[in-house]
Peer 1: 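Before I ask anything, here is the structure I am working with.
Here the structure is a predicted model, which is why all the values come from computation and not from measurement. Naming convention: chains lettered A, B, ... in sequence-line order (proteins, then strands); numbering from 1 in each chain.
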Amino acid sequence: MNQRADVVERMAELRRRIEYHNRRYYEHDDPEIADADYDRLMSELQSLEAQHPELADPDSPTQQVGGRRSEAFSPVKHLQPMLSLDNAFEEDELRAFDRRLRDRLGHEAQLDYHGEPKLDGLAVSLRYENSRLVQAATRGDGETGEDVTHSVRTIAAVPDRLRGQDLPRHVEIRGEVFITHEGFRELNAAQRRRGEKIFVNPRNAAAGSVRQLDPEIARQRPLDMFCYGIGAMNGGPNFTTQSQMLDMLQHWGAPVSPEGQRLSGIEACLAYYHDLLARREKLAYDIDGVVFKVDRRDWQQRLGQLSRAPRWAIAHKFPAQEKTTVLREVQFQVGRTGAVTPVARLEPVFVGGATVSNATLHNLDEIRRKDIRVGDTVIVRRAGDVIPEVVKVVAEQRPADAREVEFPEQCPVCGSAVVREPGEAVHRCTGRMNCAAQQLETLRHFVSRGALDIEGLGEKNLARFFELDWVRRPSDIFRLHECEEDLLALERFGQKSVDNLLEEIERKRNTQQARFIFALGIPSVGATLAKSLARVFGRFERLRQAPLPLLLTVPDVGPAVAGAIRDFFMDEGNAAELDRLFSGERPIVFEDAGEPDVAWVKTLEMTSLLTALGVRGVAAGAAELVARYHPDFASLWRDPAASVRDEREAQRLCEVASVLESQGCREMLDATEVLLRDWGIHWTQDRSAWHETGQDSPLAGKTFVLTGALAEMTREEAAGSIEAAGGKVTSSVSKKTDFVVVGSDPGSKADKARKLGVTIIDEAGLKALLDKRNGN
DNA sequence: TTACCTCGAGCTCA
DNA sequence: CTCGAGGTAA
């Protein structure tokens, strides 16, 4: 069977040739063959590998990420998510960070940190496999970014291959791509010479360059990079500190900031911060703060991370740049829900890398608090990275004719009364769908991305159609085809545009219920809640008909939200609009009209059964629980072995029990108690509370006193956990107290505990106790 | 909120 | 060539 040997040989040859051409391309920027020929080699190899899976090889070039011409901007999943950093703006916050860490680590002496400047560029993750750069990706949402290999590869500072021995099989190196001041000046000079666009700041120039499609343009741009961390890594050397890791990166040939320093203790960090702040102007590139990381890796690991940022690092931001400018006017914008927002129109001023001409003033209280008047000279900054903010008024420069801001009593758009609900900061226009602003905003929301997502119906076009009276409410969108002629007559609307738009609208007649519910723009119903409403009710019509108590059974729906939903559907205008959307020749059609959630149906049954039995006021959660796990309601009371799966559920069962108690349903109450006891829970009538009586809990029967603020939970939460574990929480320390849990800033209870010789533990100690009990 | 890139399509002039 | 839309980043 010579054929097989031939195949093996051909595959080896293909792999060799592809690797050779990869080297020419990647390392020497000097491809020898045309793309098409290269692709032919690649596809032949791919098809051979597909036919002979037993000959596949993980090291084959077909398995390499990035390939030769990875698809520009296609999504890339980071092997390890790219986290963001927690920010500190004041010294206090930095000190609090240090304190938090030392408490958590139980480390009284000072901590070693690694400090480095926080560059103002864009974050990029480089992926090296077998020492070769195979892929570069932007940060994206932290999980998934965009493939920018084609342009990042052209950055001189980014090595195509890592040097040295003991390299990892693969590694993600994280860093910041930026442009120096000098590079920026030269780039703009060149742009001007060529009559091309001038960039407003180095950051945008860098970001723009990285997202150039043509790598040759990127190559002309003075992009630079500093690396500061490692994501996923497989193999390679061990390192025990952040500083060591950076040394290692440098050793591999990756660019690392020369400003990085190891710092002992938080005072050294502050000194470092002030030093860099003073030298900020003299640095070759823009920085917007300093990053501090716990130097020891094992401590980093012990500290772990929160949802979005590691606990062991923080960015100490420089104060935002501020400028003064003149407030020309205050205008009032009316939003979708009628909220009237004051907006400052400012004399344009360049601050923090961008031109600011508008800034929200939030509400009337804010205006009065800052005593902002029209004509005032104000201090403006770009706070928290992006949103412009009027910091304060320069009182000395107030002109004699400065005007106080008068909040309109009538809506500036429709003239309806503007009211302010007691307890709310916002003013609202009462015009509802009679108000053009609210109509237009409603439409904008309806077609927006998370909603029906009608492409081609962007802000500009929508506003045009609105003014022409073609589209005043959502149902009009689906009648646009009736004005096809008029559409064609419009400026910049040819046959193609019209076809595309009408086809898109036609497509979006079919949609999902969650999108549609979100699209309606019911106050406090966002994308997430819309999803759960769709799931729970199964059919839109049921949601529409749902009475208040049913709405309240939905997770995350409380009285306010339930009321808002009810009000929306009760409104006659809304009802008529919905009828229009669902009637006619081609109504809105749901692709996912399904049956309601079984648990929810059971909840309803359960609720009505309890009601029939004369039990009133059963908590929604309890009803939901019972319904979910005991679909045959009656069996619950017959089968005490039925499982209750966790403490929350047990607690809810207790709620049922307390209702049963109050309603005098003795028989059912007894059954409930048996059920709870079976799970090791003792329900006490007097407290309507519950706790575990299990013997294996170290907390069982112990008495706790809590004092001081806890970092991770409130005292109430801690008390809840202790009771759940069978312990007891009291308010004052006595000889009978077993443990005193001391948080930060403890009161006199800690002293008393010391005097009485009661065991003192901290939050970590308490957690340890609780964990032990959860077993395992 | 602003700045930037890409894409499709219309507009304009040769 | 120019515009609007759509997307991304900070």
Peer 1: Using whole Å, what does the distance between atom C1' of nucleotide dA3(B) and atom CZ of Phe184(A) come to?
Peer 2: 12 Å
Peer 1: Given the side-chain rings of Phe184(A) and Tyr285(A), with only the six-membered ring counted for Trp, is the space between their centroids under 6.0 Å?
Peer 2: no
Peer 1: Rounded to whole angstroms, how far apart are CZ on Arg449(A) and P on dA5(C)?
Peer 2: 15 Å
Peer 1: Using a strict threshold of under 4.0 Å (side-chain N to carboxylate O), is an ion pair present between Glu116(A) and Lys293(A)?
Peer 2: yes
Peer 1: Looking at every strand, decide which applies to Ser84(A) at a 4.0 Å heavy-atom threshold: base, sugar-phosphate, or nothing.
Peer 2: nothing
Peer 1: May I ask you to list the residues of residues 456-472 of chain A, by number, that have any heavy atom positioned under 4.0 Å from an atom of DNA chain C?
Peer 2: Gly456(A), Gly458(A), Lys460(A), Asn461(A)
Peer 1: Rounding to an integer number of Å, can you tell me how far Leu119(A) CG sits from dA9(C) C1'?
Peer 2: 16 Å
Peer 1: Tell me: CG of Asp453(A) to C1' of dG6(C), nearest whole Å?
Peer 2: 10 Å
Peer 1: Would a line drawn from the ring center of Phe89(A) to the ring center of Phe318(A) be shorter than 6.0 Å?
Peer 2: no
Peer 1: If you only use heavy atoms from C-beta on, which nucleotide in dT8(C), dA3(B), dA10(C) is closest to the side chain of Leu122(A)?
Peer 2: dA10(C)
Peer 1: Measuring from the side chain of Ala354(A) (C-beta onward, heavy atoms only), which nucleotide among dC4(B), dA10(C), dT2(B) has the closest atom?
Peer 2: dT2(B)
Peer 1: Would you tell me whether Arg221(A) and Ser209(A) have side-chain atoms, one donor and one acceptor, within less than 3.5 Å of each other?
Peer 2: yes
Peer 1: Quick one: do Arg381(A) and Glu389(A) make a salt bridge, cutoff under 4.0 Å?
Peer 2: yes
Peer 1: Assert yes or no for the condition that the ring centre distance of His150(A) to Phe73(A) is strictly below 6.0 Å.
Peer 2: yes
Peer 1: Mind jotting down which residue pairs meet the side-chain hydrogen bond (donor to acceptor under 3.5 Å, both in side chains) criterion with at least one end in residues 334-351 of chain A? Sequence neighbours excluded, please.
Peer 2: Arg328(A)-Glu347(A), Gln331(A)-Arg345(A), Thr337(A)-Arg428(A), Arg345(A)-Asn358(A)
Peer 1: In whole angstrom, give the distance that lies between atom CG of Asn201(A) and atom P of dA10(C).
Peer 2: 13 Å
Peer 1: Keeping Glu366(A) on the side-chain end and Leu361(A) on the backbone end, is there a donor-acceptor pair under 3.5 Å?
Peer 2: no
Peer 1: Any sub-3.5 Å donor-acceptor pair from Lys370(A)'s side-chain atoms to Val393(A)'s backbone N or O?
Peer 2: no
Peer 1: Treat primed atoms plus P, OP1 and OP2 as sugar-phosphate and everything else as base, then score nucleotides 5-14 of chain B 5' to 3': B for base contact with protein heavy atoms under 4.0 Å, S for sugar-phosphate contact only, - for none.
Peer 2: SSS-SBS---
Peer 1: Using a heavy-atom cut-off of under 4.0 Å over every strand shown, decide if Ala123(A) touches base, sugar-phosphate, or nothing.
Peer 2: sugar-phosphate
Peer 1: For a quick check of understanding: with a heavy-atom distance under 4.0 Å over all strands, which category does Thr138(A) fall into, base, sugar-phosphate or nothing?
Peer 2: sugar-phosphate
Peer 1: How many whole angstroms separate atom CG of Leu83(A) from atom C1' of dA10(C)?
Peer 2: 17 Å
Peer 1: Counting only side-chain nitrogens and oxygens, does Arg139(A) get under 4.0 Å of the OP1 or OP2 atom of dT8(C)?
Peer 2: no
Peer 1: Using atom CD1 of Ile287(A) as one end and atom P of dA10(C) as the other, report the distance to the nearest whole Å.
Peer 2: 17 Å
Peer 1: Between Met82(A) (CE) and dT8(C) (P), how many Å, whole number?
Peer 2: 16 Å
